[in-house]
Structures are given as structure tokens and as C-alpha cells.
Amino acid sequence: QVQVVESGGGLVQAGGSLRLSCAASGRAFRIDAIAWYRQAPGKQRELVATITSDGTRTYADSLKGRFTISRDNPKNTGYLQMNSLEPEDTAVYYCNLKAQLNPWNRTLINYWGQGTQVTVSS
């Protein structure tokens, strides 16, 4: 199994920055795509950004230019750098990753972290 732990959330003023981390531990042969989602109070969970195993990045259109997703493959860790934060970015941010558990089985298993709270004050 794989455990996913997010960190780096907190309270920041509008215009500030935060860097979220997503660390995967446990028995996995390979981490495939890593994604960040967020869920604001009363709203549905939305996709923020994804990065594939070869480094291809995609972003929600509304966030391009402010957020940057990255990963450190040897550390099995993903990151989300968030700049120019706005009160509308306040949400719980979740890391999602797909893992291949064994070299002989290419099935990807989906894992979620517990979430980290980001609060942006005006």
C-alpha cells in the first residue's frame, strides 16, 4: 500500500505564496501521475494541476501563471507552488497520485492524501 501525506498549508495574506508538498511512502514500484485538487466550503472538488511521470504539466485555466506543479521522482514527492494567492484560493488542497505497485502488473492504483488547509486572508 501507499500512504500520501500533504504538508505546507496554512494562513497567508492575499498576494502571498505557499508551497505544498505531497510525499508518497510505502511499497510502490512506480509513481505515475501526481495531481492536486482543492475543495472550497460548499463547492465541489476541482482539479488544480497534474504532472505526469515524464514531467508533462496541465493546469486549470483559471490558475495558469500563478501555480506551478513539480515533482521529485527519487523522493516520490510532488509539489505545488502557489503565488499571488487570492482569498478565492482558500480551500482544502488534496494530493492524488496513481501508483504501480509491482513491476509485473501495470495497473495503476489511485491514492489520496488527507488534505491540507490553505486560507488566504484579504
Side-chain angles (χ1 to χ4, degrees):
Q1 293 297 319
V2 175
Q3 294 77 44
V4 180
V5 178
E6 302 103 333
S7 61
L11 174 63
V12 63
Q13 289 188 333
S17 298
L18 283 175
R19 188 193 195 204
L20 305 183
S21 297
C22 167
S25 62
R27 302 181 66 179
F29 171 68
R30 183 179 68 89
I31 303 298
D32 194 79
I34 297 174
W36 287 95
Y37 289 75
R38 69 183 184 183
Q39 188 166 18
K43 295 187 176 181
Q44 289 188 332
R45 190 172 297 189
E46 63 174 348
L47 179 62
V48 173
T50 63
I51 184 167
T52 63
S53 56
D54 64 359
T56 301
R57 299 171 172 86
T58 58
Y59 297 93
D61 287 340
S62 61
L63 300 174
K64 283 182 179 178
R66 295 195 298 122
F67 289 14
T68 303
I69 191 170
S70 62
R71 63 191 291 166
D72 185 332
N73 288 334
K75 294 183 178 179
N76 283 339
T77 301
Y79 304 97
L80 185 68
Q81 178 68 43
M82 305 185 295
N83 298 327
S84 302
L85 284 162
E86 303 168 354
E88 292 73 24
D89 296 317
T90 295
V92 178
Y93 285 71
Y94 296 91
C95 177
N96 170 270
L97 60 85
K98 293 176 172 53
Q100 179 181 346
L101 300 185
N102 300 295
W104 56 85
N105 184 346
R106 301 179 68 177
T107 300
L108 297 177
I109 309 299
N110 218 26
Y111 293 95
W112 289 91
Q114 80 289 349
T116 185
Q117 176 70 47
V118 171
T119 303
V120 184
S121 63
S122 57

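Just so you know, residue 1 is the first one in the sequence shown, and it goes up from there.
Closest of all the heavy-atom pairs between A35 and L47 is CB-CD1, 4.1 Å. Taking both residues in full, the closest heavy atoms of N83 and S17 are given as OD1-OG, 3.0 Å, listed atom of the first, atom of the second, then distance. Annotation for S122 and A14: closest pair CA-CB, 4.4 Å, computed over non-hydrogen atoms. For N73 against R71, the heavy-atom pair with the smallest separation is OD1-NE, 2.6 Å.
When atom types are taken as modelled, the side chain of E6 and the backbone of C95 share a donor-acceptor pair closer than 3.5 angstrom. Between the side chain of N105 and the main chain of T107, a donor-acceptor pair closer than 3.5 Å is present.
Evaluation of the ring-ring contact (aromatic ring centres under 6.0 Å, His included) rule for Y79 yields no partner, not counting sequence neighbours. With sequence neighbours left out, D54 forms a salt bridge (Lys or Arg N to Asp or Glu O under 4.0 Å) with no residue at all. Among residues two or more places apart in sequence or in another chain, the salt bridge (Lys or Arg N to Asp or Glu O under 4.0 Å) test is passed with E46 by R38.
Taking CD from Q117 and CG from L11, the interatomic distance works out to 9.5 Å, rounded to the nearest 0.5 Å. Here the OH atom belonging to Y37 is positioned 12.5 Å from the CD atom belonging to Q44, to the nearest 0.5 angstrom.
Hydrophobic cluster of I69: the remaining members, joined at side-chain heavy-atom separations below 4.5 Å, are V2, V4, V12, L18, L20, I31, I34, W36, V48, I51, Y59, L63, F67, L80, M82, L85, Y93, L97, L101, I109, Y111, V118, V120, listed by chain and number. Under a 4.5 Å side-chain heavy-atom criterion applied to ILVMFWY residues, the cluster that includes V5 comprises that residue alone.
Judged as a salt bridge (charged side-chain N to carboxylate O under 4.0 Å, His left out), the pairs with a partner in residues 15-31 (not counting sequence neighbours) are, in order, R30-D32.
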